[in-house]
Enquirer: 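First the structure, which I've put down as structure tokens, then a few questions once you've had a look.
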Protein chains: 2
Amino acid sequence: MRRPTLEAVAARAGVSRATASRVVNGQTTVAPNIRDAVLRAIDELGYVPNPAARSLVTQRTDSVALVVSEPPTRVFSEDPLFSTVIRSASVELETVNKQVVLMLASSASSHARVERYIAGGHVDGVMLISMHGADPLPAALSRLRVPVVSYGRPAVPVDIPYVDNDNVGGAELAVRHLVAGGRRRIATIAGPQDMIGGQDRLTGYRNVLRDSDRRSIVAVGDFTRESGAVAMRQLLGDDPGLDAVFVANDLMAVGALQSLRQAGRRVPDDVAVVGFDDIEAAQYTEPPLTTVRHPVVEQATAMVRLLLGLFEGGPADPVILPTELVVRESA
Amino acid sequence: MRRPTLEAVAARAGVSRATASRVVNGQTTVAPNIRDAVLRAIDELGYVPNPAARSLVTQRTDSVALVVSEPPTRVFSEDPLFSTVIRSASVELETVNKQVVLMLASSASSHARVERYIAGGHVDGVMLISMHGADPLPAALSRLRVPVVSYGRPAVPVDIPYVDNDNVGGAELAVRHLVAGGRRRIATIAGPQDMIGGQDRLTGYRNVLRDSDRRSIVAVGDFTRESGAVAMRQLLGDDPGLDAVFVANDLMAVGALQSLRQAGRRVPDDVAVVGFDDIEAAQYTEPPLTTVRHPVVEQATAMVRLLLGLFEGGPADPVILPTELVVRESA
DNA sequence: TCCGGCTGAGAGAGCGCTCTCTCGAAAGGG
DNA sequence: CCCTTTCGAGAGAGCGCTCTCTCAGCCGGA
């Protein structure tokens, strides 16, 4: 009880396999009556082309890998960003009938697995989400002669086109807002310095402070809520007189708000807080969080289109998307 | 500049293609010296088997589809459950070297796409995450003669093995806790009644109230935070004297806490609140949320194993996992 | 009437692999 | 010493499809 083949369709329609193939692939050089006969046969037999056979000859698979190169727990549960990217990319790829193969590359062994898989030609291209600088995967994949695009600028310089948002500019926006609000002692909770987002947002902070003749007060977190709380306590210890803090992501900002509350500081009266990312939860903090929004969905979509462009021999130029300050009540 | 084929490996090693294939597939009937020669050739040429050619003859693809049949926005951003399931299932499948093809089936058109894809034999099996009763996909897929397992009992009776947690029992646990705490007027915010989780958790609530001779006070939400807030306001309007509420998921519970705060009720002094799911955020609410934990990771893992079992002709019996009450401060 | 051009359909090779069948050689028993 | 058994390796078919090449048939122009 095997699935019907193109051969069977051809036989039933009384044509050759080649003609049946032409109809299946929508070629126009088939007479209407013959085309109809084939379509009827396909319908009656419930024919569906065998993808393996097809891709054996076409050398295409019509699927792309979405490689998430982060420890799995971080990926989903903590940071809603990843989820949004995955979803948006999936939706965008659906529109061009490509499938998403999701690969989580957390450990070294899974890196090897991913490499083998990609090298095997299972997919036509790769979308890489990798935030850590130490990650060897971007370099490894770029060697594989497979179209690869990256979500976010790769931390090590490597010849992969990427889509990123303007982290430096966004941070500048945030800190300038604090300066404009009359804040004098503006601290920052920076992200991990082995991550591009962490680096660039700190750069933006420093740029503005330098220009506005203020002293920088820096603590470093690792983008988790907990680390934000710890860093905030540390900052308050270091400089009890601070009146503003720019936090490199919202998750840490949530933790910082918690610490500020525990320390009896009113936000924004005593201390103004600006986050980064504009995650869902930023609307529900107490008080609602002023933050820098970057277009996650657009970034994912742009990444897909960049990859699709690569398939067609399009340009491999990076895409940088603008950020925007969302003013709520915390600053 | 094509990728090397098995033919090339065989030629280089001075053996036949058949023997090379034997080595690649780890058969033991190859003399050690020949095996080494082949392995060396593989290494030198950087040979990787062509999956299309292989699955053309083996009729296997070594990948499974993870079909998420929910509106995309709900899937990821709102409910961390989905993400955890996807992650856990991926990790578990990695261990047996199977790939995950992620498919989001939100609209009717994407349903058709998914069906076509599955029918095309792209994957060896399907894991279905579908929560809505009206969803036609479970029935459609079960007709496709492809191994299918479901995360959660399908809402319409359909012949698919599933892994679920004990929703009724979990709800009973929660409500019994409220009864044991001396609460007299115990309301509930139920989930959507076209979802199994929504139905069963309401059933559990009713079971306990019936046995303990209390009146049931029901509002219905749709598992979003916002709907929880609305439902809570409604309950307070209906019965200002209520002293406890069982909320069918944590997301709605967060909304409910917000409404209670706005209404000036203290939790748990005036009103005790119990949620369901034990999401991450439940630890960070004010006060921390007492809730029913169900083993999401274990459920996902069990689903994978159920599917793998099906491949081997194993049993197609449903698996029900126990739930557990996590007592924090809200009740 | 003949011929060249064009359109539509068939023949058949070949994509890269697995797996059965076959066969030679080595080993063991009578 | 010969015959049977076992083991290791090769030959070759075939998985289901695409795509090039070929060719039949028709039309129009000279």
Side-chain angles (χ1 to χ4, degrees), chain A residues 1-42 45-63 97 116-117 119-124, chain B residues 1-42 45-63 97 116-117 119-124:
Chain A
M1 179 67 193
R2 261 224 158 72
R3 286 171 39 201
T5 70
L6 193 58
E7 191 76 54
V9 171
R12 183 169 191 114
V15 298
S16 74
R17 198 176 57 245
T19 301
S21 173
R22 277 188 265 263
V23 173
V24 169
N25 292 291
Q27 288 186 30
T28 51
T29 65
V30 182
N33 57 329
I34 293 200
R35 149 180 247 98
D36 289 348
V38 173
L39 290 177
R40 209 176 317 121
I42 288 174
L45 295 175
Y47 170 76
V48 185
N50 180 320
R54 176 177 278 172
S55 79
L56 182 57
V57 34
T58 58
Q59 310 277 14
R60 285 185 297 102
T61 63
D62 286 334
S63 54
N97 245 301
R116 225 179 313 119
Y117 189 80
H122 277 92
V123 292
D124 298 339
Chain B
M1 180 64 193
R2 262 225 158 71
R3 285 171 41 201
T5 69
L6 192 58
E7 190 75 54
V9 171
R12 184 171 193 113
V15 299
S16 73
R17 198 176 59 244
T19 301
S21 173
R22 278 188 265 264
V23 172
V24 170
N25 292 290
Q27 288 185 29
T28 51
T29 65
V30 182
N33 58 330
I34 294 200
R35 148 180 249 97
D36 288 348
V38 173
L39 289 176
R40 207 177 318 121
I42 288 175
L45 294 175
Y47 170 76
V48 184
N50 181 319
R54 176 177 276 174
S55 78
L56 182 57
V57 36
T58 59
Q59 310 277 15
R60 284 185 298 101
T61 62
D62 286 333
S63 55
N97 245 302
R116 225 180 312 119
Y117 189 79
H122 278 90
V123 292
D124 298 339

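In what follows, every chain begins at residue 1, and chains take the letters A, B, ... in the order their sequences are listed. Only a predicted model underlies this, so the values are computations on that prediction, with no experimental measurement involved.
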Enquirer: Contact boundaries of DNA chain C with chain A (under 4.0 Å, heavy atoms), 5' to 3'?
Expert: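 The contacted stretch runs from dG8(C) to dG16(C).
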Enquirer: Among all residues two or more places apart in sequence or in another chain, which pass the salt bridge (charged side-chain N to carboxylate O under 4.0 Å, His left out) test with Arg17(A)?
Expert: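 Residues passing salt bridge (charged side-chain N to carboxylate O under 4.0 Å, His left out) with Arg17(A): Glu7(A).
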Enquirer: Test of understanding: with salt bridge (charged side-chain N to carboxylate O under 4.0 Å, His left out), list the residues that count as partners of Arg12(A), not counting sequence neighbours.
Expert: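 Checked Arg12(A) against salt bridge (charged side-chain N to carboxylate O under 4.0 Å, His left out); matches are Glu44(A).
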Enquirer: Which residue, Thr19(B) or Val57(B), contacts DNA chain D at a nucleotide closer to its 5' end, judged by nearest heavy atom?
Expert: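 Taking each residue's closest nucleotide, the earlier one in sequence belongs to Thr19(B).
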Enquirer: For Ala18(A), which contact category applies under a 4.0 Å heavy-atom criterion: base, sugar-phosphate, or nothing?
Expert: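 Touches a base.
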Enquirer: Could you work out how much the helix from dT1(C)-dA30(D) to dG30(C)-dC1(D) bends, comparing the axis of its first five pairs with that of its last five, to 10°?
Expert: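 One end axis against the other gives 50°.
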Enquirer: Give every residue pair that meets the salt bridge (Lys or Arg N to Asp or Glu O under 4.0 Å) criterion with at least one member in residues 21-31 of chain B, sequence neighbours excluded.
Expert: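 Residue pairs passing salt bridge (Lys or Arg N to Asp or Glu O under 4.0 Å), neighbours aside: none found.
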Enquirer: Across the strands shown, which category fits Val24(A) at heavy-atom distances under 4.0 angstrom: base, sugar-phosphate, nothing?
Expert: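 Contact class for Val24(A): none.
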Enquirer: Go through the structure and list residues passing side-chain hydrogen bond (donor to acceptor under 3.5 Å, both in side chains) with Thr58(B), not counting sequence neighbours.
Expert: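 In terms of side-chain hydrogen bond (donor to acceptor under 3.5 Å, both in side chains), with neighbours along the sequence ignored, Thr58(B) is linked to no residue.
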Enquirer: Listed by chain and number, what are the salt bridge (charged side-chain N to carboxylate O under 4.0 Å, His left out) partners of Asp62(B), not counting sequence neighbours?
Expert: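 Salt bridge (charged side-chain N to carboxylate O under 4.0 Å, His left out) list for Asp62(B), sorted by chain: Arg60(B), Lys98(B).
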Enquirer: Once you round to the nearest 0.5 Å, how far does CD1 of Ile42(B) lie from CG of Leu6(B)?
Expert: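 Here the rounded value is 7.5 Å.
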Enquirer: How close do Thr61(A) and Val123(A) get, counting heavy atoms only, and between which atoms?
Expert: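 Nearest heavy atoms, Thr61(A) then Val123(A): OG1-CA, 3.4 Å.
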Enquirer: Kindly state which residues belonging to residues 5-13 of chain B come within less than 4.0 angstrom of DNA chain C, counting heavy atoms of the residue only, listed by number.
Expert: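 Going residue by residue through residues 5-13 of chain B, the ones with a heavy atom under 4.0 Å of DNA chain C turn out to be Thr5(B), Leu6(B).
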Enquirer: With a cut-off of 3.5 Å and sequence neighbours excluded, list every side-chain donor-acceptor pair involving residues 46-56 of chain B.
Expert:
| unit_1 | atom_1 | unit_2 | atom_2 | d |
| --- | --- | --- | --- | --- |
| Asn50(B) | OD1 | Ala52(B) | N | 2.8 |
| Asn50(B) | OD1 | Ala53(B) | N | 3.1 |
| Arg54(B) | NH2 | Asn25(B) | OD1 | 3.4 |
| Ser55(B) | OG | Pro51(B) | O | 3.4 |

Enquirer: Considering non-hydrogen atoms only, spot the tightest contact between Val9(A) and Ala20(A) and give its length.
Expert: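 Of all heavy-atom pairs spanning Val9(A) and Ala20(A), the closest is CG1-CB, 4.4 Å.
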Enquirer: How would you list, by chain and number, every residue that makes a side chain to side chain contact (heavy atoms under 4.5 Å, CB included) with Gln59(B), sequence neighbours excluded?
Expert: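 If we apply the side chain to side chain contact (heavy atoms under 4.5 Å, CB included) test to Gln59(B), skipping adjacent residues, the hits are Arg2(A).
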